[in-house]
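None of these values were measured; they are calculated from a predicted model.
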Amino acid sequence: MITVSIYKNEKHEYVGFKTLGHAGYSEPGQDIVCAAVSVLTINTINSIDKFTEEKTSLVSDEESGFIDYKIDGRPGKEAALLLKAMILGLREMASDESYEEYIDLTFEEV
């Protein structure tokens, strides 16, 4: 199972996320749940890096599926929208009967 924790600040703004694990939906290299989570999260990181001026921190380990990504300070309008778009995709996956047992989505205040 992939666990995804979305970070929120005291103002309930999304400021990052953490992922860990592999879905186990299918064989490595054929797992569409892992692929979808990877695309959503990595594209969000790359988009925030390319299209905003945000200062961020990133720690990752491909083998374990670990990503810890945080925006330093309050997120700007563009970064906030990109994170909301990622969360929309993750929520849709986590609530789909076909995939809900392979992804655990939670929210935590940091």
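- Cluster membership for L58 and V39, using ILVMFWY side-chain heavy atoms within less than 4.5 angstrom, is not shared.
- Contact record, G16 with L83: N-CD1, 4.1 Å, taken as the closest heavy-atom pair.
- Nearest heavy-atom pair, I2 versus A23, reported as atom, atom and distance to 0.1 Å: CG1-N, 3.4 Å.
- In this structure, E53 places its CD atom where only 12 or fewer heavy-atom neighbours from other residues, nucleotides or ligands lie under 6.0 Å away.
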| field | Verdict with reasoning, S60 to D68, per side chain to side chain contact (heavy atoms under 4.5 Å, CB included) | value | CA-CA 6 Å; S60 65; D68 187 49; over 6 Å; no
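- Inter-residue side-chain proximity for M86 and F17 is flagged as met; some heavy-atom pair is nearer than 4.5 Å.
- Residues I6 and K18 fail the side-chain proximity criterion, which asks for heavy atoms closer than 4.5 Å.
- The closest side-chain heavy-atom distance from V37 to Y99 is not below 4.5 Å.
- Closest approach of T19 to G65, counting heavy atoms only: OG1-O, 3.0 Å.
- Of the N and O atoms on the side chains of T106 and S5, at least one donor lies less than 3.5 Å from an acceptor on the other residue.
- Between the side chain of E54 and the backbone N or O of G76, at least one donor-acceptor pair lies under 3.5 Å.
- Hydrophobic clustering, defined by side-chain heavy atoms of Ile, Leu, Val, Met, Phe, Trp and Tyr closer than 4.5 Å, groups Y7 together with V15, V110.
- Taking every heavy atom of both residues into account, L90 and L105 meet most closely at C-CD2, 4.0 Å.
- In this structure the side chain of I32 never reaches within 4.5 angstrom of the side chain of S26, judged on heavy atoms.
- Taking all atoms of both residues into account, the shortest heavy-atom contact from N9 to P75 is ND2-CD, 4.4 Å.
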| said: Applying side chain to side chain contact (heavy atoms under 4.5 Å, CB included) to Y102 and M93, what does each step give before you reach the verdict? | reply: CA-CA 9 Å; Y102 301 99; M93 288 178 54; over 6 Å; no
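- Side-chain contact between F51 and E78 is absent, with no heavy-atom pair separated by less than 4.5 Å.
- Side chains of Y25 and E101 form no contact here, defined as non-hydrogen atoms less than 4.5 Å apart.
- Side-chain contact check for T41 versus Y69: every heavy-atom pair is 4.5 Å or farther apart.
- For the pair L20 and S64, the minimum side-chain heavy-atom distance is below 4.5 Å.
- Taking every heavy atom of both residues into account, I103 and M1 meet most closely at N-CG, 4.1 Å.
- I87 and L81 sit in two unconnected hydrophobic clusters of ILVMFWY residues. Membership requires side-chain heavy atoms under 4.5 Å apart, directly or through other members.
- In the displayed structure, E108 atom CD is contacted under 6.0 Å by more than 12 heavy atoms of other residues, nucleotides or ligands.
- Applying the side-chain hydrogen bond (donor to acceptor under 3.5 Å, both in side chains) rule to R74 yields the partners E13; only residues at least two apart in sequence or on another chain are considered.
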